[in-house]
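Just so it is clear: chains get the letters A, B, ... in the order the sequence lines come, proteins before strands, and each one is counted from 1. Just so it is clear, the structure is predicted and the values come from calculations on it, not from any experiment.
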Amino acid sequence: MLDGAVLPNKFTYPFVLKACAGLGDLNLGKSVHGSVVKFGFDDDVHVCNTTVHMYCCCSGGIESARKVFDEMPKLDSVSWSAMIGGYVRVGWSTDAVDLFREMQMVGVRPDEITMVSVLSACTDLGALELGKWVESYIDKEGIQKTVELSNALIDMFSKCGDVEKALKLFRNMSGRTIVSWTSVIDGLAMHGRGMEAMSLFEEMIGTGVAPDDVAFIGLFSACSHSGLVEKGKSYFSSMVEKFHIVPKIEHYGCMVDMLCRAGLVKEALEFIQKMPIEPNPIVLRTLISACRAHGELKLGESITKQLIRNEPMQESNYVLLSNIYAK
DNA sequence: CTAGGGTTAG
């Protein structure tokens, strides 16, 4: 296209940049950005917004995104949402909140998409008071409570410690999605309310919503945190046999965590050995910590040595080993 | 003619 008669125009770039974002390819994105600059489309707010988003989606691109953002001739709510959302995605939630404050100071009106990202930042930070403020801000500003925004509110309350409030919003919500159910189940799980999480899970199935792989992670986590080992095992079978979901490492990880918390270290080891996929470092660390807690020091030592062989650069593994020797 | 978000074990 570049060497023919047809030149790219400013309407071409958002599609190309979006493709780079989808691939997460920073080098490709950089070269497309270079082309944007070369053709002088870097004064177009839509092209710049897509560029910010592209950098935010590429690993290691967040600083470049901020650079483009800072140099934009004009910022609209999409620009701010893209940058705030980018910070949340890479886990820089404090920067996301700071940027939201800056957005308010310069007087750009946030919309429901901005607020979803701000709420994600609150959830990540466990900032309940800020989250409550955001909720009242949404009401005060008359920002549209889409299903996605309601879900973000439920998720925030659920994970920041006000499960009752999350449940209340959930019960009053019209048009719940599996995300709404999963957020409340996760909150109950995190706060040791495993039986309620289980009954909500059953209620969900009863209303005709089929559980997906993410919902099962929440459910297993609930069983794990509440010591419901037999329930967890039976749900694991049902996930595979009844709902035909292929377990991922996260599902196996939950089961290992559940067995370890219950002190069934040997059974956790057997479970790992029977898994059809390789245990990742997270699973191995769960097992090692359990070995230490339950006096299986020899076993813990051998697994830790295996872990160190797999990731010799991870300093925390040596801490695990020294903790075992300390015992 | 284009654009930003949304549940995932420890």
Do the side chain of [X] and the main chain of [Y] share a donor and acceptor less than 3.5 angstrom apart?
| X | Y | value |
| --- | --- | --- |
| A/R109 | A/E141 | yes |
| A/T51 | A/V47 | yes |
| A/R176 | A/R171 | yes |
| A/N172 | A/K168 | yes |

Where the side chain of [X] is defined as all heavy atoms beyond and including C-beta, which of [options] is the nearest nucleotide?
| X | options | value |
| --- | --- | --- |
| A/P14 | B/dT2, B/dG4, B/dA9 | B/dT2 |
| A/R89 | B/dG4, B/dT7, B/dG5 | B/dG5 |
| A/T50 | B/dG4, B/dT8, B/dA3 | B/dA3 |
| A/N49 | B/dG4, B/dA3, B/dT8 | B/dA3 |
| A/I113 | B/dT8, B/dG4, B/dT7 | B/dG4 |
| A/D155 | B/dG4, B/dT7, B/dA9 | B/dT7 |

Starting at [atom1] of [X] and ending at [atom2] of [N], how long is that distance when rounded to a whole Å?
| X | N | atom1 | atom2 | answer |
| --- | --- | --- | --- | --- |
| A/L188 | B/dT7 | CG | C1' | 14 Å |
| A/I288 | B/dA9 | CD1 | P | 20 Å |
| A/I245 | B/dT8 | CD1 | P | 16 Å |
| A/D44 | B/dT2 | CG | P | 12 Å |
| A/I143 | B/dG4 | CD1 | P | 19 Å |
| A/M204 | B/dT7 | CE | C1' | 11 Å |
| A/I84 | B/dG4 | CD1 | P | 15 Å |
| A/F15 | B/dT2 | CZ | P | 7 Å |

Quick one: label [X] by what it contacts on the DNA or RNA (base, sugar-phosphate, nothing), any heavy atom closer than 4.0 Å.
| X | value |
| --- | --- |
| A/T177 | nothing |
| A/N280 | base |
| A/D111 | base |
| A/D186 | sugar-phosphate |
| A/S180 | nothing |

A/H53 side-chain N/O to B/dG5 phosphate OP1/OP2 under 4.0 Å: yes
Phosphate OP1/OP2 of B/dT8: any A/K159 side-chain N/O under 4.0 Å: yes
Sole candidate of A/F201, A/Y252, A/Y235 that passes ring-ring contact (aromatic ring centres under 6.0 Å, His included) when paired with A/F216: A/F201
From A/N151 atom CG to A/I178 atom CD1, the distance as rounded to the nearest 0.5 Å: 11.0 Å
Full working for salt bridge (Lys or Arg N to Asp or Glu O under 4.0 Å) between A/E135 and A/K132: CA-CA 5 Å; A/E135 186 197 25; A/K132 283 183 188 166; over 6 Å; no
Base of B/dT7 paired with side chain of A/S183 (donor-acceptor, under 3.5 Å): no
Positions of residues 249-267 of chain A (non-hydrogen atom under 4.0 Å from DNA chain B), listed by number: A/I249, A/E250, A/G253, A/C254, A/D257, A/R261
Close approaches to DNA chain B from residues 289-305 of chain A, in residue order (heavy atom, under 4.0 Å): none
Same cluster (ILVMFWY, side-chain, under 4.5 Å), A/F11 and A/V78: no
Where at least one partner belongs to residues 72-85 of chain A, residue pairs that pass side-chain hydrogen bond (donor to acceptor under 3.5 Å, both in side chains), sequence neighbours excluded: A/N49-A/D76, A/N49-A/S79, A/D76-A/S79, A/S81-A/T114
Heavy-atom pair with the smallest gap, counting every atom of A/S183 and A/I154: CB-CG2, 4.1 Å
Any side-chain donor near an acceptor of the partner, A/S35 and A/Y13, under 3.5 Å: yes
